[in-house]
Amino acid sequence: MACSSIQSMISSIPSSSSFSRPSVTVSPVFCGKFSHRNVKIIGKRFEVCRAMVQQTAVPGASAAYAKEMERLSAKESLLLAFKDAGGFEALTAGRTSDMQKIDVNERIVGLERLNPTPRPTTSPFLEGRWNFEWIGYGSPGLFAARLLSERIPATLANLCKMDLVIKDGYAKITANMKYLNAIESNFNLTTKLTVEGPLRMKEEYTEGVLETPTIDEGSIPQQLKGVLGQAVNTMQQLPGPVKDAVSTTLSSGLTIPLNGAFERMLMISYLDEEILIIRDTSGAPEVLTRLAVTPSPMDAIEEYES
């Protein structure tokens, strides 16, 4: 029959042939003999076989969907690990256990291998406001925080949070410090970012600013209120020019010019619309989460000439 001959012809086509054979299923549904009433071919009859062609499911779509589900699950797992470890404040204060650290690092590695952004250094996802969730051992930020917590009791001073704003090739890191649970001060570090490759960037430190502390008088211990009052009275008694200079310094903060004296190389190992993972030359990871997914006004970053 013609049906069986068609099937044998399809199966006999070699896989290496230049003819592209689609993945189809040929099922004989109806075979009938038609005369040549409407086809003027003398002495022959044609057997026409109608076949049903069934398109098979595309395996790539289901594989991509499964990988995306795996990535979303890995993100959720990492965020839960941060919460279980006590968060950023527990990490900088040295209250995170070794088991919690290794658990977080394992989940970081698991998410990095699912990075959906092949060129993160030039991706539009990179710009925005980010919050530090985790700083690996060896990171300058964690070193400073640990040094502070080891030398000064947490009741006197502690690092509450750190955030990062990236815009127009510059980064502004803000560290929020709290003293005596009543006095808050921010230290702002501005750096210049230079793209060195699809994953690699160079960070140059350009300026540091220690902002004027803000005081919550209601939270100041009673024994320190007298000292604070004496300091205010002393400032009021200063000569006019000296008083103006001190007031200007306090209002604008203390500026420390760095002019690229310090720099480090960075690799962006993961980036999407919500999470950023950075590693330095020591391999220490820094994990940040976006503070606002929707576009929002950012702090103006003063641009410096290179």
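Values in this document were obtained by computation on a predicted structure and should not be read as measured data. Computation of the quantities below employed the complete heavy-atom set of this structure, encompassing side-chain atoms and omitting hydrogens, waters and symmetry-equivalent molecules.
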For this session: Output yes when Arg279 and Glu112 qualify as a salt bridge under the 4.0 Å nitrogen-oxygen rule, no when they do not.
Result: yes

Exercise. Is any NZ, NE, NH1 or NH2 atom of the basic residue among Arg71 and Glu68 found under 4.0 Å from an Asp or Glu carboxylate oxygen of the other?
Worked result: yes

Just by distance, do the side chain of [X] and the backbone of [Y] share a donor-acceptor pair under 3.5 Å?
X      : Y      : answer
Thr117 : Arg119 : no
Asn115 : Leu271 : yes
Asn259 : Ala261 : no

Exercise. Is the Phe82 ring parallel, tilted or perpendicular to the Trp134 ring (thresholds 30°, 60°)?
Worked result: parallel

Within-4.5 Å side-chain heavy-atom neighbours: [X] and [Y]:
X      : Y      : value
Leu254 : Val209 : no
Ile256 : Leu210 : no
Glu133 : Phe88  : no
Asn105 : Pro285 : yes
Thr289 : Leu79  : yes
Lys161 : Glu89  : no
Lys172 : Asn188 : yes
Gln100 : Asp103 : no

Exercise. Does the side chain to side chain contact (heavy atoms under 4.5 Å, CB included) test come out yes or no for Glu207 and Thr255, once each step is laid out?
Worked result: CA-CA 7 Å; Glu207 183 184 77; Thr255 302; 3.3 Å; yes

Separation of [Y] [atom2] from [X] [atom1] (nearest 0.5 Å):
X      : Y      : atom1 : atom2 : value
Lys167 : Leu193 : NZ    : CG    : 14.5 Å
Ile166 : Thr191 : CD1   : OG1   : 8.0 Å
Glu70  : Leu114 : CD    : CG    : 4.5 Å
Glu263 : Lys192 : CD    : NZ    : 11.0 Å
Asn186 : Asn176 : CG    : CG    : 5.0 Å
Asn131 : Leu276 : CG    : CG    : 11.5 Å

With the 4.5 Å side-chain cut-off for hydrophobic clustering, are [X] and [Y] part of the same group?
X      : Y      : answer
Tyr270 : Met267 : no
Val195 : Ile278 : yes
Val287 : Val109 : no

Quick check: closest heavy atoms across [X] and [Y], and the distance to 0.1 Å?
X      : Y      : result
Leu199 : Pro118 : CD2-O, 3.9 Å
Leu258 : Tyr205 : CB-O, 3.6 Å
Trp130 : Arg290 : CZ2-NH2, 3.1 Å
Thr96  : Ala85  : OG1-O, 3.7 Å
Ile268 : Pro120 : CG2-CB, 3.6 Å
Pro198 : Thr121 : O-OG1, 3.1 Å

Exercise. Just wondering, more than 12 heavy atoms not from Met99 lying within 6.0 Å of its CE?
Worked result: no

Exercise. Should the heavy atoms of other residues, nucleotides or ligands under 6.0 Å from CD of Glu196 be counted, would the total exceed 12?
Worked result: yes

For this session: Given side chain to side chain contact (heavy atoms under 4.5 Å, CB included), test Leu80 with Glu76 step by step and report yes or no.
Result: CA-CA 6 Å; Leu80 289 175; Glu76 185 68 21; 4.2 Å; yes

For this session: Any chance you could lay out the side chain to side chain contact (heavy atoms under 4.5 Å, CB included) test for Phe132 and Glu286, step after step, and finish with the verdict?
Result: CA-CA 7 Å; Phe132 281 86; Glu286 298 177 4; 3.7 Å; yes

For this session: Take Lys75 and Glu274 through the test salt bridge (charged side-chain N to carboxylate O under 4.0 Å, His left out) and record every step on the way to the result.
Result: CA-CA 9 Å; Lys75 286 174 58 174; Glu274 295 176 331; 2.6 Å; yes

